[in-house]
Asks: 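Sharing a structure below in structure tokens format, with a few things to ask.
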Amino acid sequence: MDEKLVTDASLRRFLLGNVDDEERQRIESLFLTHSLSQERVTAAEEDLIEDYLEDSLTAEDKERFLERYADSPTQQRKLRIARSIKEWAAKEGKVAQTDPATVSARSRLREGLRLRRLVVIPVAATIMIAIALAAIWVNNSREQQNRRIALEQEVARLNSASGLREVASTSLVLRSVSVRSVEAQPELISRPDVQIVELRLLWMQKEHYPTYRAVVRRVGVGELVTVRDVQPEADGNSVRIKLPARILTRGTYQIELVGVAADGATSPAQEYQFSVT
Amino acid sequence: MARDSAIPPGSFDEILAWLNPDRDVAGEMYVQLRHDLTKIFTWNRCNDPEGLTDEVFDRVARKVHHLRQNFEGDPRLFFYGVARNLIKEAPKKIKTQVSLDDTDLPANLASEVEKETAQMREECLHHCLQRLSSEKRDLILNYYAKEKQAKIDHRTEMARQLGTSVETLRVRVYRIRGTLEQCIERCLNRMAQGK
């Protein structure tokens with residue numbers, strides 16, 4: 001069974017009941033056992049539902065869609081709820097575009113700059129300001145770089161063999177984000193007495209690797225730190241990483257974990273999410 | 001669907017151990033497998049997908065001790081094989097079950113769903129949106145703000161700004177929307193019951 005042979009077109013035919021029994025069983029088996037195929041099937045289903053709600057399906061596909069996704073009151077309700085959410089977003093989006101009260105700060109800034117172009121600013125003053133800003137920028141970026149290096153070193157020490165023996169103040173078990181998973185996002189409660197946070201990342205792929213690399217990002221901010229050369233637990237089914245609690249301020253965090261083979265090749269990434277409250 | 005009560009004691013633990021030696025991972029796999037099988041029964045237009053999923057686990061539970069020692073390959077494929085057999089059997093059972101369900105469930109969900117109005121859905125939507133963080137609300141609002149061709153470019157740009165891939169963004173939005181939908185369903189059920 002080769003998941004590469006499952007194209008978007010064949011997934012759509014599958015979801016609309018337009019495939020033979022052999023193809024149906026092949027796709028269903030992949031859906032059960034292969035995480036990337038699962039995500040693709042569910043993504044294709046999401047696209048199909050959106051196309052229906054946007055009235056983009058052909059008459060024949062629409063009929064088949066309704067047979068499969070609207071033949072019970074419960075399914076009809078789910079579709080109505082999905083439609084309500086899309087309609088709300090479309091309506092709010094339009095209001096944001098037309099209501100002057102909600103014009104973004106960026107648009108106001110752009111408008112301000114346009115008006116200022118009409119004002120003559122002495123060239124010398126502009127150059128001085130530019131020099132001052134450049135000096136501040138260089139200083140700030142050097143400081144940021146130093147802070148980043150210090151953090152990477154601290155995290156590397158925490159995740160070394162000796163560092164992992166240190167007892168963490170709190171820990172959280174995370175499973176990889178899957179398109180199909182809709183359960184609540186794990187939460188970490190921020191406490192002043194917590195120094196070190198341990199995250200146990202469950203590895204769902206069949207292949208195991210000698211080391212792993214985890215990139216921690218804060219959603220909306222960007223990369224926070226990368227933890228390299230992490231060894232898996234003895235059974236290979238999970239990876240533990242430790243982070244200083246002070247860097248986990250309130251917000252949503254995303255971790256991308258990849259297995260690294262002996263020749264440096266990397267596995268498909270698994271993503272995890274949690275929030276700090 | 002009627003359940004067979006002759007399930008050997010301890011078989012649940014054996015199923016978990018068969019799925020994966022690590023109990024945490026096995027627990028996750030068990031929950032996921034139930035969800036996936038229910039989905040497969042739904043795709044095959046079977047009545048009572050949850051009941052059929054229970055039946056798959058009951059049938060496997062009766063054989064799991066033997067299977068652990070003799071079955072080679074991914075255990076989930078054995079569960080799938082049992083599910084396929086049930087899908088073939090299901091049409092006959094649908095015919096005999098319909099009338100029973102109708103008489104057994106005087107206040108079934110269907111009648112509650114029919115009572116719902118657009119206004120109730122809107123009230124519940126706003127109630128549930130308030131329960132989301134502003135970050136999640138903004139994300140879902142942005143994601144669904146455009147339609148048809150325009151949405152593709154819009155979502156690509158959103159992913160770029162968030163420093164992630166379109167696929168990852170889709171996963172994130174799907175999770176938020178799932179939570180939102182569940183909240184709305186619960187809210188509508190409460191309204192229909194007059195609470």
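Just so you know, these numbers come straight off a predicted model, no measurement behind them.
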Asks: Is A:D47 paired with B:R170 through a side-chain N to carboxylate O contact shorter than 4.0 Å?
Replies: yes
Asks: For the CZ atom of B:R45 and the CZ atom of A:R68, what is their distance to the nearest 0.5 Å?
Replies: 5.0 Å
Asks: Measuring from atom CD of A:E271 to atom OG of B:S165, what distance do you get when rounded to the nearest 0.5 angstrom?
Replies: 7.5 Å
Asks: Just checking, is any N or O donor in the side chain of B:Y174 or A:E46 under 3.5 Å from an acceptor N or O on the other one?
Replies: no
Asks: Under a 4.5 Å heavy-atom cut-off, does chain B meet the side chain of A:L53, its backbone, both or neither?
Replies: neither
Asks: For the candidates B:V173, B:I140, B:L188, B:V25, which exhibits the highest count of non-hydrogen atom pairs separated by less than 4.5 Å from chain A?
Replies: B:L188
Asks: Run the side-chain contact (heavy atoms from CB on, under 4.5 Å) test on B:N44 and A:E28 for me, step by step, so that the C-alpha distance in whole Å, both residues' side-chain angles and the decisive distance to 0.1 Å come before the verdict.
Replies: CA-CA 10 Å; B:N44 282 277; A:E28 287 175 350; 2.9 Å; yes
Asks: Select one option (side chain, backbone, both, neither) describing which atoms of B:N142 are under 4.5 Å from chain A's heavy atoms.
Replies: neither
Asks: Just so I understand: if I count every heavy-atom pair under 4.5 Å between each of A:D51, A:V219, A:V173 and chain B, which residue has the most?
Replies: A:V219
Asks: When you look at B:Y80 and A:T33, which way does the side-chain contact (heavy atoms from CB on, under 4.5 Å) test go after all the steps?
Replies: CA-CA 10 Å; B:Y80 178 58; A:T33 57; over 6 Å; no
Asks: Using non-hydrogen atoms only, which part of B:E135 is less than 4.5 Å away from chain A: side chain, backbone, both, or neither?
Replies: side chain
Asks: Indicate yes or no for a side-chain donor-acceptor contact from A:E54 to the backbone of B:K148 under 3.5 Å, with no hydrogens or angles considered.
Replies: yes
Asks: Just so I understand: if I count every heavy-atom pair under 4.5 Å between each of B:K151, B:K136, B:H126, B:R137 and chain A, which residue has the most?
Replies: B:K151
Asks: If you measure from the Lys or Arg side-chain nitrogens to the Asp or Glu carboxylate oxygens, is any gap between B:D22 and A:R200 under 4.0 Å?
Replies: yes
Asks: Kindly compute the distance separating NZ (A:K86) from CD (B:E147), expressed to the nearest 0.5 Å.
Replies: 4.5 Å
Asks: Determine, for A:E50 against B:R155, whether the closest basic-nitrogen to carboxylate-oxygen distance falls under 4.0 angstrom.
Replies: yes
Asks: Mind checking whether A:E256 and B:T164 have side chains closer than 4.5 Å, heavy atoms only?
Replies: no
Asks: With distance as the sole criterion, is a donor-acceptor pair present between the side chains of A:R77 and B:N189 under 3.5 Å?
Replies: yes
Asks: Can you tell which part of A:S56 gets under 4.5 Å to a heavy atom of chain B, answering side chain, backbone, both or neither?
Replies: side chain
Asks: Is it true that, when you exclude B:Q69 itself, more than 12 heavy atoms of the residues, nucleotides or ligands shown sit nearer than 6.0 Å to its CD?
Replies: yes
Asks: If I take atom CD1 from residue B:I40 and atom CZ from residue A:F31, how far apart are they, to the nearest 0.5 angstrom?
Replies: 6.0 Å
Asks: May I ask you to check whether B:W43 and A:F14 place their ring centers less than 6.0 Å from one another?
Replies: yes
Asks: When you look at A:E45 and B:K39, which way does the salt bridge (Lys or Arg N to Asp or Glu O under 4.0 Å) test go after all the steps?
Replies: CA-CA 11 Å; A:E45 191 170 43; B:K39 193 89 184 159; 2.8 Å; yes
Asks: Compare all side-chain heavy atoms of B:L141 with those of A:W88 and state whether any distance is below 4.5 angstrom.
Replies: yes
Asks: Heavy-atom distances under 4.5 Å only: say whether A:Q75 touches chain B with side chain, backbone, both or neither.
Replies: side chain
Asks: Is the shortest side-chain heavy-atom distance between B:L77 and A:S29 below 4.5 Å?
Replies: yes
Asks: Given a strict heavy-atom distance threshold of 4.5 Å, which part of A:L32 is in contact with chain B: side chain, backbone, both, or neither?
Replies: both
Asks: Evaluate the side-chain proximity of A:Q254 to B:T168: yes if any heavy-atom separation is below 4.5 Å, no if none is.
Replies: yes
Asks: I need the residue from B:L162, B:D74, B:I176 with the largest number of non-hydrogen atom pairs under 4.5 Å to chain A.
Replies: B:D74
Asks: Could you tell me which portion of B:R121 (side chain, backbone, both or neither) has an atom closer than 4.5 angstrom to a non-hydrogen atom of chain A?
Replies: side chain
Asks: With a 4.5 Å limit on heavy-atom distance, are the side chains of B:D24 and A:N237 in contact?
Replies: no
Asks: Relative to chain B, which segment of A:A82 carries a heavy atom at a distance below 4.5 Å: side chain, backbone, both, or neither?
Replies: both
Asks: Taking atom CD as the centre, does B:E157 end up with more than 12 heavy-atom neighbours from other residues, nucleotides or ligands that are less than 6.0 angstrom away?
Replies: yes
Asks: Is A:V41 close to chain B through its backbone or its side chain, or both, or neither, when contacts mean heavy atoms under 4.5 Å?
Replies: side chain
Asks: Between B:R172, B:E122, B:E181, which residue shows the highest count of heavy-atom pairs closer than 4.5 Å to chain A?
Replies: B:R172
Asks: For chain A, find which of B:N20, B:L33, B:T42, B:L37 contributes the most heavy-atom pairs closer than 4.5 angstrom.
Replies: B:N20
Asks: Taking every heavy-atom pair that is under 4.5 Å apart, which of A:K78, A:E233, A:E67, A:E87 has the most such pairs with chain B?
Replies: A:E67
Asks: For a side-chain contact (heavy atoms from CB on, under 4.5 Å) with A:I81, tell me which candidate from B:L180, B:I184, B:L125 qualifies.
Replies: B:I184
Asks: May I ask you to test the A:R24-B:I87 pair for a side-chain heavy-atom distance under 4.5 Å?
Replies: no
Asks: Above 12 or not: heavy atoms from other molecules or residues under 6.0 Å from NE2 of B:H65?
Replies: no
